[in-house]
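First up is the structure itself, then whatever we jot down about it.
Keep in mind that the numbers below use all heavy atoms, side chains included, and drop hydrogens, waters and symmetry copies. Counting starts at 1 for both ligands and their atoms, in listed order.
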Amino acid sequence: MSDALTDAATQHLTEAERARILAKSALFDPPPPLLADGRCDLVGLSRAELAAELAAIGEAPFRAKQLWHWIYHRGETDFSRMSSIARPLQQRLAQQFVISRPEPVAVQSSQDETRKFLFRFRDGQTAETVYIPDRQKDRGAVCISSQVGCTLSCRFCHTGTQTLVRNLGSAEIVGQFMAARDAYGEWPSPVGETPRLLSTIVLMGMGEPLYNYANVAKAMTIAMDNEGIALSRRRITLSTSGVVPMMDRAGAELGVNLAVSLHAVRDELRDELVPLNRKYPIAELIAACRRYPGASNARRITFEYVMLKSINDSAEDARELVRLIAGLPAKVNLIPFNPWPGAPFETSTPAAIDRFARIVMDAGFASPVRSPRGRDILAACGQLRTQSRKEQASA
Ligand code: SAH
Ligand code: SF4
């Protein structure tokens, strides 16, 4: 077969694979954004959907722009405080619609000011959101969940011990950011490059965002909208365990920063640690990274590498990592394994982490060791949800 034919065949396979992934994902769709009394949640609708909801009650398209501003720029949840809207319409809106937030059912603050929220959604399901401030720079990252549980079962991940319950909806995804903002009172949305306390979104909470692509994409499109939350795509990072066909799609449609959970540099080991590797092995994953748009220095791909004692932390592993990512604009986040009860691993020693980091750095890649934030508050992702469910069960 000629190269062009091979490319066409691969393209076709990838399209079919994407369709299969999206169809499977739809089986785990969240409940519709409706309250028991029939009111519809306006959060999480695209601009076009918002306009359609308003058209259905006889309102002109400019109302959608007005409401968008109140919901996403001002952070308002109460129609009666929307001063640019006349009282009769405020009342009509309140009869038909709500502007919801997930409810914080547990909040834990760490000594290092990391704050972890367990949010409950309308159907009672819960997911975790973590705010990680960067005090020196007056900014911080909000780590958002994309699913309740996860279908993948990475061996070192606590969320991987929970089965997938369902996908989160777009309202629930962007709502985690908005509710975290409520907690810090950062409304209206800061405009432009002014300092923001909640300055970045990282899709690194519970779940695999690329197995819930439609809802994640919708939520991030809302977060990036200039007349609302207005976070630039450079301030959003999507972390994936390597759903190769959807990486291309996310790159083309969203263009957000990409983080890839690599964790091992040989297929035999990665097959064990990240079982998705059996489907999309390392060579295919790295090739997808090379295709990812924006390969300039400012748009580096982040490789996440959890440091597991005597499993993946040898000097040889570090040298193989450098060989794999050669030529890619990349940085490597070394994450000391965050232990949880019953986990079959230990954290690498500081000396092993140091040796690994030095080899990666000497090859020209930044290799920060991600400081384990919130150690005192069950910060390994998925742990707060498990604890809360245990407490409920014993109650
Ligand atoms: N499902 C996506 C995003 C959520 S996990 C993914 O896998 O990329 C976010 C990051 O935390 C991933 O790199 C994951 O491998 C890492 N992680 C999960 N459990 C961990 C633990 N116990 N200690 C350290 N890192 C962990
Ligand atoms: Fe799922 Fe990511 Fe955890 Fe793997 S590391 S089980 S993909 S949440």
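Between H158 and W340, the two ring planes are perpendicular [angle over 60°; tilted spans 30° to 60°]. Between Y72 and W68, the ring-plane angle classifies as tilted under the 30° and 60° cut-offs.
Near I335, meaning under 4.0 Å from any of its heavy atoms, are these atoms of ligand 1: 24 (C), 25 (N). With ligand atoms numbered from 1 in the order given, ligand 1 contributes 18 (C), 19 (N) to contacts under 4.0 Å with heavy atoms of C157. Near S241, meaning under 4.0 Å from one of its heavy atoms, ligand 1 places the atoms 6 (C), 7 (O), 8 (O). Taking every heavy atom of N338 and a limit of under 4.0 angstrom, the matching atoms of ligand 1 come to 21 (C), 22 (N), 23 (N), 24 (C). Within the listing of ligand 2, atoms 6 (S), 7 (S) sit less than 4.0 angstrom from a heavy atom of L152. Near W340, meaning under 4.0 Å from any of its heavy atoms, are these atoms of ligand 1: 22 (N). In summary, the atoms of ligand 1 found under 4.0 Å from a heavy atom of T240, numbered by their order in the structure, are 6 (C), 8 (O). Under a 4.0 Å criterion applied to the non-hydrogen atoms of S241, ligand 2 contributes the atoms 7 (S). For ligand 1 and H263, the ligand atoms under 4.0 Å from any heavy atom of the residue are 13 (O), 14 (C), 15 (O).
Across all non-hydrogen atoms, the minimal contact from F337 to E346 is CD2-C, 3.9 Å.
Judged by the shortest distance from any of its heavy atoms, S261 lies outside the 4.0 Å radius around the atoms of ligand 2. Not a single heavy atom of S146 sits less than 4.0 Å from an atom of ligand 1.
Ring pair F28/Y211: centre-to-centre distance not below 6.0 Å.
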Verdict with supporting geometry, D354 and R358, salt bridge (Lys or Arg N to Asp or Glu O under 4.0 Å): CA-CA 6 Å; D354 205 51; R358 200 126 10 96; 2.5 Å; yes
Please lay out, stage by stage, how K116 and E128 fare under the test salt bridge (Lys or Arg N to Asp or Glu O under 4.0 Å). CA-CA 7 Å; K116 189 164 191 170; E128 298 177 2; 3.2 Å; yes
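No side-chain heavy atom of E59 sits under 4.5 Å from any side-chain heavy atom of L93. M82 is listed as a side-chain neighbour of I99, based on a closest heavy-atom distance under 4.5 Å.
Remark: among candidates E304, Q147, M206, the nearest residue to atom 10 (C) of ligand 1 is E304, based on non-hydrogen atoms. Checking L262, V306, T347, V202 against atom 24 (C) of ligand 1, the nearest heavy atom belongs to V306.
A cation-pi contact, defined as under 6.0 Å to the ring centre and within 45° of the axis, is absent between R18 and Y213.
Checking only distances, G207 does come within under 3.5 Å of ligand 1, N or O to N or O. Residue contacts with ligand 1: F156 is placed with a nitrogen or oxygen under 3.5 Å of a nitrogen or oxygen of the ligand (distance criterion only). The shortest N or O to N or O distance between H158 and ligand 1 is not under 3.5 Å. Here's the thing with S239: one of its N/O atoms is less than 3.5 angstrom from an N/O atom of ligand 1.
Side-chain heavy-atom separations under 4.5 angstrom define the hydrophobic clusters, and the remaining members of the one that includes V98 are L35.
Residues meeting the side-chain hydrogen bond (donor to acceptor under 3.5 Å, both in side chains) test with D271, sequence neighbours left out: N277.
Because the distance cut-off is set at 2.8 Å, C150 qualifies as a neighbour of atom 1 (Fe) of ligand 2 through one of its N, O or S atoms.
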